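Remember, predicted model here, so these are calculated numbers, not experimental data.
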Amino acid sequence: MLDNDIQEILFTEEQLKNRVAEIARQIEADYAGKEVMLISVLRGSFIFMADLCRAIRLPCTLDFMSVSSYGAGTTSSGQVQITKDLSEDITGRHVIVVEDILDSGNTLSYLLNILEHRRPASVRLCTLLDKPERRVKPVELHYAGFTIPDAFVVGYGLDYAEKYRNLPYIGILKPEVYGGK
């Protein structure tokens, strides 16, 4: 059972639902009368973006990118690679990049720079989890769900070795599961 691999639950299903609704209200206030384009950074953010999209009461469109700096490991390699680019043009659009977690900043710094060069009306970053202790590159964060400690977390879309994404909460993975300390 996946739950047996969890050391501690950080955020319950109810806490996640409430915080997503609060972020949606912030976005609505910031973009009143405008249409937003949500860009999910796959795969970890897909559940968060689905819930956020349903909570936003503004016209919004969706697109997806897949960007990686992790490979099969648990820490960022610093080498960023786009593995799936956008399907839509973002020129003149209000873009909100939706990410699961901001830690080193390597991937998001690279991605936001690329998107800025595509001439959107605006680009903002929305991340469910912020892990500032791990930051090595500065990234401007506009919407954040929760600040978390430097621990390996899974659930609500976040994975380890493609497992645990389906957990309805976010928890800290037991170190013995992934070979951590």
*Establish, from distance only, whether the side-chain atoms of R93 and T61 form a donor-acceptor pair under 3.5 Å.*
yes
*How about D103 and E133: do any of their side-chain heavy atoms sit closer than 4.5 Å?*
no
_Quick one, D100 and I47 - any side-chain contact, counting heavy atoms below 4.5 Å?_
no
*asked:* Could you tell me if the side chain of D130 sits less than 4.5 Å from the side chain of F146, heavy atoms only?
replied: no
*Student check: side-chain heavy atoms of F11 and L129 closer than 4.5 Å*: yes
Using residues 32-40 as the side-chain source, report each donor-acceptor pair under 3.5 Å to any protein atom, sequence neighbours left out, with the distance given to one decimal.
{"from": "S40", "atom 1": "OG", "to": "S45", "atom 2": "OG", "distance (Å)": "2.7"}

*Which heavy atom of V154 sits nearest a heavy atom of Y164, and at what distance?*
CB-CB, 3.6 Å
_Nearest-0.5 Å distance that lies between atom CG in L86 and atom CD1 in I114_ = 10.0 Å
*Residues in ring pair (Phe, Tyr, Trp, His ring centres under 6.0 Å) with Y110, at least two apart?*
none
*asked:* Test: salt bridge (Lys or Arg N to Asp or Glu O under 4.0 Å). Region: residues 157-166. Which pairs qualify, not counting sequence neighbours?
replied: R43-E162, D159-R165, E162-R165
*Excluding sequence neighbours, so at least two apart, what forms side-chain hydrogen bond (donor to acceptor under 3.5 Å, both in side chains) with S87?*
none
*Given Y169 and Q15, is the side chain to side chain contact (heavy atoms under 4.5 Å, CB included) satisfied, shown in steps?*
CA-CA 9 Å; Y169 56 81; Q15 288 172 306; over 6 Å; no
*Return the set of residues passing side-chain hydrogen bond (donor to acceptor under 3.5 Å, both in side chains) with R118 (not counting sequence neighbours), or none when no residue passes.*
D85
_With a 4.5 Å cut-off on side-chain heavy-atom distances among I, L, V, M, F, W and Y, is there a chain of contacts connecting I6 to Y178?_
yes
*Short question: side chain of T83, backbone of S66 - any donor-acceptor pair under 3.5 Å?*
yes
_Would V95 and S122 count as a side chain to side chain contact (heavy atoms under 4.5 Å, CB included) here? Give the steps._
CA-CA 6 Å; V95 170; S122 64; over 6 Å; no
*For D30, which residues count as a salt bridge (charged side-chain N to carboxylate O under 4.0 Å, His left out) partner, sequence neighbours excluded?*
R124
*Looking only at heavy atoms, which two atoms of L62 and C53 are closest? And how far apart?*
CD2-SG, 3.8 Å
*Quick one: are V97 and L112 in side-chain contact, heavy atoms under 4.5 Å?*
yes
*For T91 against D89, the heavy-atom pair lying closest together*: OG1-OD1, 2.8 Å
*Taking C-beta and beyond as the side chain, do V98 and V41 meet within less than 4.5 Å on heavy atoms?*
no
Only pairs under 3.5 Å count here: list side-chain donor-acceptor contacts from residues 170-177, not counting sequence neighbours, and write none if there are none.
{"from": "K174", "atom 1": "NZ", "to": "N4", "atom 2": "O", "distance (Å)": "2.8"}

*Which atoms form the tightest heavy-atom contact between P120 and L115, and what is the distance?*
CD-O, 3.3 Å
_Tell me which pairs pass salt bridge (Lys or Arg N to Asp or Glu O under 4.0 Å) where either residue lies in residues 45-55, with sequence neighbours left out._
D51-R54
*Verify the cluster assignment for I82 and L108: are they in a single hydrophobic cluster under the rule of side-chain heavy atoms below 4.5 Å apart?*
yes
*side chain to side chain contact (heavy atoms under 4.5 Å, CB included) assessment of L128 paired with Y143*: CA-CA 8 Å; L128 179 62; Y143 309 101; over 6 Å; no
*Given side chains that start at C-beta, do those of L16 and T12 come closer than 4.5 Å, heavy atoms only?*
no
*State, to 0.1 Å, how close L102 and T127 come at their nearest heavy-atom pair, and which atoms those are.*
N-OG1, 3.4 Å
*Is the shortest side-chain N to carboxylate O distance from E28 to R25 below 4.0 Å?*
yes
*If you measure from CG on L52 to CD1 on I96, what distance do you get to the nearest 0.5 Å?*
7.5 Å
_Taking every non-hydrogen atom, the tightest pair across D150 and K131_ = OD1-CD, 3.7 Å
*asked:* If I take atom CD1 from residue I27 and atom NE2 from residue H94, how far apart are they, to the nearest 0.5 angstrom?
replied: 13.5 Å
*Is it the case that more than 12 heavy atoms not belonging to K84 sit under 6.0 Å from its NZ atom?*
yes
*For E13, enumerate each residue passing the side-chain hydrogen bond (donor to acceptor under 3.5 Å, both in side chains) test, keeping only those at least two apart in sequence or located in another chain.*
none
*salt bridge (charged side-chain N to carboxylate O under 4.0 Å, His left out) against E22, all qualifying residues, sequence neighbours excluded*: R19
_Centroid-centroid under 6.0 Å between Y160 and F152 rings_ = yes
*Just how far is it from atom CD of E140 to atom OG of S109, taken to the nearest 0.5 Å?*
12.0 Å
*Considering residues at least two apart in sequence or located in another chain, which fulfil the side-chain contact (heavy atoms from CB on, under 4.5 Å) criterion with N113?*
H117
*Does some side-chain heavy atom of M65 sit less than 4.5 Å from a side-chain heavy atom of L111?*
yes
*Sequence neighbours excluded, which residues qualify as salt bridge (charged side-chain N to carboxylate O under 4.0 Å, His left out) partners of D5?*
none
